[in-house]
Q: 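Below is a structure I'd like to ask you about.
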Amino acid sequence: MTSVADKLAKKSARKPSSKQVRLKLVYVDFWSALKLSFLIAIAVAIITVVFFFLVFTVLDATGVFDQVSSLYKEVTGSKEGLEAIIGLGRVMGFALIVAILNLVIVTVLGALAAGLYNLAVKITGGLLVGFTNN
C-alpha cells in the first residue's frame, strides 16, 4: 500500500505542462498610448466617412430622399425640396467634420486614459495579469 507521502512525491516529480507567470502592469507609456489611440481614431474616421457615403447612396437609390422631399414640400408649401439642402457634397462635408472631431477626441481620450492609469497605479499598485506559455 502506498502512503500519502509517496503519492505527493510522484505528483511533485512530474513537471507541469505549462509554466504560468503572474506579472503586474505598473506603467503605460504615454507616447505609445497616444500613437495607438491616434491609429485607432484614423481607422474610426475612415469607417465614419465610408458609412456616411454608403448610407447616403442607399437612401438616394431607394428613393427615400424623393419621398421625404415631396412630404416636405406638402407640409411647408415651399417650391424647393430637400435636394437643395441635402446633397452628397454636404453629407460628405458633415461626415468629414464628424470624422475630424472624432479623431481629436479619441486621441485625447487615449492619452488621458494612459495618464489616469499611471496615476491610479500609484494608489493601487498596478494590474495583476497572469500569463501561460501554452
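As the structure is a computational prediction, the values presented were derived from the model and not from experiment.
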Q: Under 6.0 Å from the CZ atom of F30, do we count more than 12 heavy atoms belonging to anything else shown?
A: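 Atom CZ in F30 is crowded, with more than 12 foreign heavy atoms closer than 6.0 Å.
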
Q: In terms of hydrophobic clusters joined by side-chain contacts under 4.5 Å, are I85 and F65 together?
A: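 Yes, I85 and F65 fall within the same hydrophobic cluster.
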
Q: Are L116 and V108 joined in one hydrophobic group, where the rule is that I, L, V, M, F, W and Y side chains link up if heavy atoms are under 4.5 Å apart?
A: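 L116 and V108: separate clusters.
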
Q: Would you give the length of the straight line joining atom CG of L88 to atom OG1 of T57, rounded to the nearest 0.5 angstrom?
A: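 Going from the CG atom of L88 to the OG1 atom of T57 covers 6.5 Å.
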
Q: Do R22 and V129 come within less than 4.5 Å of each other through their side chains, counting heavy atoms only?
A: no

Q: Same cluster for L36 and I42 if Ile/Leu/Val/Met/Phe/Trp/Tyr side chains link at under 4.5 Å?
A: no

Q: Restricting to non-hydrogen atoms, name the atom on K79 and the atom on K73 that form the minimum distance, rounded to 0.1 Å.
A: O-CE, 3.8 Å

Q: Rounded at 0.5 Å granularity, tell me how far NZ in K24 sits from CG in L127.
A: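 K24 NZ to L127 CG: 10.0 Å, rounded to 0.5 Å.
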
Q: At their closest point, which heavy atom of G110 faces which heavy atom of S37, and how far apart are they?
A: CA-CB, 3.7 Å

Q: Answer whether the closest heavy-atom distance between the side chains of F38 and L103 falls below 4.5 Å.
A: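 Side chain of F38 against side chain of L103, heavy atoms only: contact under 4.5 Å found.
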
Q: Cluster partners of L71, using ILVMFWY side-chain heavy atoms under 4.5 angstrom, listed by chain and number?
A: V75

Q: Measuring from atom CE of M92 to atom CZ of F53, what distance do you get when rounded to the nearest 0.5 angstrom?
A: 6.5 Å

Q: Kindly state whether the ring of Y117 and the ring of Y27 have centres lying under 6.0 angstrom apart.
A: no

Q: Could you grab the distance from atom CZ of F94 to atom OG1 of T48, nearest 0.5 Å is fine?
A: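 Interatomic distance, F94 CZ to T48 OG1, rounded to 0.5 Å: 10.5 Å.
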
Q: Same cluster or not: V49 versus I47, using hydrophobic residues (I, L, V, M, F, W, Y) connected whenever any side-chain heavy atoms lie under 4.5 Å apart?
A: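 In one cluster with V49: I47, no.
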
Q: Could you report the tightest heavy-atom contact between F56 and G87, atom names first, then the distance?
A: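 For F56 and G87, the tightest heavy-atom pair comes out as CZ-C, 3.9 Å.
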
Q: N118 side chain to V28 main-chain N or O, any donor-acceptor pair under 3.5 Å?
A: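 Yes: the side chain of N118 pairs with the backbone of V28.
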
Q: What is the distance from atom CG of L34 to atom CG of L39, rounded to the nearest 0.5 Å?
A: 10.0 Å

Q: Could you give the distance from CD1 (I105) to CG (L112), rounded to the nearest 0.5 Å?
A: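 One finds 12.5 Å between CD1 of I105 and CG of L112.
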
Q: Please tell me whether I97 and I46 are part of a single hydrophobic cluster in this structure, the criterion being side-chain heavy atoms less than 4.5 Å apart.
A: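 I97 and I46: separate clusters.
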
Q: With side chain to side chain contact (heavy atoms under 4.5 Å, CB included) as the test, would you mind laying out the steps for I86 and V91 before giving the verdict?
A: CA-CA 7 Å; I86 301 175; V91 169; 4.0 Å; yes

Q: Is the NZ atom of K35 crowded by more than 12 outside heavy atoms at less than 6.0 Å?
A: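 Atom NZ in K35 is not packed in, count stays at 12 or less.
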
